[in-house]
Trainee: 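This structure is in structure tokens; I'll ask about it shortly.
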Amino acid sequence: MESQLKEVRNGPGVLDLDPKSTVGGGVQDIYGEDTATQNQIITPWSVTVASGCSLLRDPTYNKGLAFTEKERETHYLRGLLPPVFASQDLQAKKIMNNIRQYQAPLQKYMAMMDLEERNERLFYKLLVDHVEELLPIVYTPTVGEACQKYGSIFRRPQGLYISLKEKGKILEVLKNWYEKNIEVIVVTDGERILGLGDLGCQGMGIPVGKLALYTALGGVHPSACLPVTIDVGTNNEELLNDEFYIGLRQKRITGQEYYDLLDEFMSAVKQNYGEKVLVQFEDFANHNAFELLAKYRTTHLAFNDDIQGTAAVVLAGLVASLKVTGGTLADHTFLFLGAGEAGTGIAELIALEMTKQSKKTLEEAREKIWLVDSRGLVVKSRMESLQQFKKPWAHEHEPHKELLDAVKAIKPTVLIGTSGVGKTFTKEVIEAVSSFNEKPIILALSNPTSQSECTAEEAYTWTQGRAIFASGSPFDPVTLNGKTFTPGQSNNAYIFPGFGLGVVMSGSIRVHDQMMLAAAEALANQVTEEHLGKGLIYPPFRSIRKISAHIAAAVATKAYELGLATRLPRPANLIAFAESCMYSPVYRSYR
Ligand code: NAD
């Protein structure tokens with residue numbers, strides 16, 4: 001060990017193993033580099049035990065000023081740090097003070113990303129301890145802006161980029177990743193990033209952000225998380241003409257070529273990591289999302305967060321709302337603006353839950369649910385031209401082009417926005433919904449904030465405070481006639497971290513819809529009378545780790561019931577087991 005450590009202290013790059021190199025024969029400059037060999041080929045090398053400068057520069061192990069005297073002595077850190085010792089709590093306080101000084105959310109985002117690259121545990125400590133303050137920074141809405149500007153702010157790769165150039169070599173690319181034991185992969189092809197459209201390769205911010213939440217909110221170890229962006233080109237002209245764009249400068253490939261690349265990726269994932277790595281599809285455009293899900297849900301441990309994760313979180317909010325409105329799900333009439341991944345995914349899970357709660361068949365349950373897309377109400381007379389995933393929702397009705405007309409005709413008790421188009425719940429629409437409901441449920445789910453169908457203030461004001469409201473991106477509390485309403489955030493961030501933990505800890509080999517229903521019920525069970533009294537249909541994010549443990553336990557329970565779990569024997573107390581599996585960002589002591 002001693003000789004290994006000394007070798008490390010000499011620093012990488014000094015030892016040259018490449019026979020073609022002439023290191024040693026040239027002139028040494030003051031940095032110990034051989035200036036005469038600048039243009040020559042050398043072999044990069046590294047070692048496994050970090051100490052000295054390499055320890056300080058390793059984000060997994062770096063503790064900055066929190067290294068103790070003994071650690072500084074043992075690990076060759078003397079002189080590399082100022083003499084003071086700072087606890088992790090003090091470091092966290094300092095960084096939060098610094099972050100709060102920034103005005104622009106994107107600056108805060110970059111400060112957080114820099115921190116993650118310097119000191120991973122401190123990054124997660126901040127995120128865990130200040131989740132409500134930092135979630136809008138590392139996640140929606142700021143992550144949307146970060147993706148739009150990703151080329152300009154790009155510093156270091158935070159995930160794997162698999163482009164068309166890697167066709168035929170994807171297995172090798174996976175082997176290049178520095179961690180070997182991967183449990184969760186979030187993958188996007190960047191075609192529908194939030195409600196911002198095609199951001200191509202710059203969509204990488206989304207898998208990176210989602211996986212940060214897997215760790216902070218769900219306790220999955222950061223080293224077990226792999227963000228992946230598949231770059232098949234982009235149709236975004238602005239990006240194609242942007243000199244700082246980091247992706248392939250070509251139009252998207254489609255059809256067989258696209259599906260072959262995805263197939264190679266999915267096969268390589270299974271080959272490299274086995275049967276039990278969870279693959280979360282994220283922000284794919286719907287023309288691919290449904291097909292990929294249908295194809296891989298039976299062969300891989302895979303789910304689509306936009307379709308299934310969103311569905312679970314919305315169902316949980318609706319089930320919690322029933323405690324305020326009374327009645328059952330089947331007593332409600334649902335109208336969606338937006339009939340894509342989120343809209344049809346939520347609709348299907350609501351229908352499934354209705355069949356569980358009542359004697360209704362799936363067909364009967366679906367009749368309570370109506371969708372409006374960019375061409376108007378989805379009705380039988382449009383059947384021929386409808387995309388496959390909309391067809392189950394085409395009911396017998398006269399067509400309506402405008403949302404307002406559809407609202408007046410259908411008279412929904414629940415209005416849900418999943419269109420990705422902001423400001424579409426106009427005053428007239430919301431007044432119409434509230435005219436025939438004492439407590440209208442209004443969910444404006446589109447992200448980021450700019451695409452929200454309405455603001456919290458609009459929803460409360462236009463319903464005179466009667467709305468049960470939640471939104472995809474966060475809004476501040478609203479005070480109306482002396483009463484303060486706290487809008488809930490209906491975001492899949494409530495579900496996927498705990499869901500993933502449950503899948504991973506039970507060693508599940510497939511995702512089943514019943515597991516999503518279990519996750520939704522577990523989340524709804526965390527909503528108390530006190531939350532509902534404040535207008536919240538979701539528990540606050542500050543207790544998310546406890547919530548995630550409950551969701552994980554419910555998901556794992558279902559996986560065992562369905563015979564999909566492989567971790568045996570089944571732990572007796574799955575909530576306690578989930579908590580014991582969770583990554584803690586507290587620093588560890590080094591021998
Ligand atoms: P999608 O592209 O699959 O679906 C969008 C749907 O909206 C399509 O049916 C389209 O026809 C319809 N649409 C588009 N313009 C419209 C208009 N002007 N009027 C009526 N309908 C219109 O996208 P998606 O994956 O369903 O996502 C939609 C939005 O939902 C995005 O903004 C996304 O960020 C948001 N979302 C939120 C969450 C959450 O957790 N809150 C989760 C997933 C998606």
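Whatever order the structure lists ligands and atoms in, that order sets their numbers, starting from 1. The first residue of the sequence shown is numbered 1, and numbering continues consecutively from there. None of these values were measured; they are calculated from a predicted model.
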Trainee: Check if V421 has a non-hydrogen atom at a distance under 4.0 Å from any atom of ligand 1.
Mentor: yes
Trainee: Measure from atom 10 (C) of ligand 1 to every heavy atom in A406, A289, S374 and give the option owning the shortest one.
Mentor: S374
Trainee: Given L403, V372, T310, identify the one with the heavy atom nearest to atom 43 (C) of ligand 1.
Mentor: T310
Trainee: Are the side chains of I185 and L278 in touch, meaning some heavy atoms are under 4.5 Å apart?
Mentor: no
Trainee: Are the charged groups of K423 and E453 less than 4.0 angstrom apart, N to O?
Mentor: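 No, no charged N to carboxylate O under 4.0 Å.
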Trainee: Should the proximity of L337 to ligand 1, defined as any heavy atom under 4.0 Å, be assigned to the side chain, the backbone, both, or neither?
Mentor: side chain
Trainee: Which part of A285 is near ligand 1, with near meaning a heavy atom under 4.0 Å away: side chain, backbone, both or neither?
Mentor: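 Looking at A285 and ligand 1, no heavy atom falls under 4.0 Å.
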Trainee: Within ligand 1, which atoms have a heavy atom of D306 less than 4.0 Å away?
Mentor: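 This gives 43 (C) as the contact atoms.
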Trainee: Name the option, out of G144, A311, S419, G343, that contains the heavy atom nearest to atom 14 (C) of ligand 1.
Mentor: S419
Trainee: Verify side chain to side chain contact (heavy atoms under 4.5 Å, CB included) between C225 and E183, making sure each step is shown before the conclusion.
Mentor: CA-CA 6 Å; C225 297; E183 291 175 339; over 6 Å; no
Trainee: So which heavy atom in the protein is nearest atom 40 (O) of ligand 1, and how far is it from that ligand atom?
Mentor: N492 N, 2.9 Å
Trainee: Please find out if less than 6.0 Å separates the ring center of F284 from that of F281.
Mentor: yes
Trainee: Taking the basic N atoms (NZ, or NE/NH1/NH2) and the acidic carboxylate oxygens, is any pair closer than 4.0 Å for R192 and D198?
Mentor: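 No, this pair does not count.
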Trainee: Going by the order shown, which atoms of ligand 1 are within less than 4.0 Å of some heavy atom of G472?
Mentor: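 Matching atoms, with element in brackets: 41 (N).
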Trainee: Suppose I only count heavy atoms of A342 and a 4.0 Å limit; which atoms of ligand 1 are within that range?
Mentor: 24 (P), 25 (O), 26 (O), 44 (C)
Trainee: So, are K391 and E384 salt-bridged, with charged N and O less than 4.0 Å apart?
Mentor: no
Trainee: Is any N or O atom of A339, backbone or side chain, closer than 3.5 Å to an N or O atom of ligand 1?
Mentor: yes
Trainee: What are the atoms of ligand 1, with element, lying closer than 4.0 Å to any heavy atom of N286?
Mentor: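 Near N286, the atoms of ligand 1 are 1 (P), 2 (O), 3 (O), 4 (O).
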Trainee: Among protein heavy atoms, which sits nearest to atom 4 (O) of ligand 1, and what does the distance come to when rounded to 0.1 Å?
Mentor: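 Of the protein heavy atoms, G340 CA, 3.2 Å lies nearest.
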Trainee: Tell me whether K558 is salt-bridged to D513, with the criterion being a basic N under 4.0 Å from an acidic carboxylate O.
Mentor: no
Trainee: Taking the six-membered ring for Trp, are F469 and F485 ring centroids under 6.0 Å apart?
Mentor: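 No, ring centres 6.0 Å or more apart.
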Trainee: Quick one, L415 and F336 - any side-chain contact, counting heavy atoms below 4.5 Å?
Mentor: no
Trainee: Should one rank H287, Q489, Q451, R192 by closest heavy-atom distance to atom 33 (C) of ligand 1, which comes out on top?
Mentor: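 Looking at heavy atoms only, the winner is R192.
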Trainee: May I ask you to identify the nearest protein heavy atom to atom 28 (C) of ligand 1, giving residue, atom name and distance to one decimal place in Å?
Mentor: T418 O, 3.4 Å
Trainee: Quick check on the 6.0 Å ring-centre criterion: do Y245 and Y150 meet it?
Mentor: no
Trainee: If you take the nearest heavy atom of each of S452, G338, S490, which one is closest to atom 12 (C) of ligand 1?
Mentor: G338
Trainee: Suppose we measure from atom 37 (C) of ligand 1 to each protein heavy atom; which comes out shortest, and what is that distance?
Mentor: L445 O, 3.2 Å
Trainee: Show the numbers, then the answer: is there a side-chain hydrogen bond (donor to acceptor under 3.5 Å, both in side chains) between S473 and T140?
Mentor: CA-CA 6 Å; S473 295; T140 183; 2.9 Å; yes
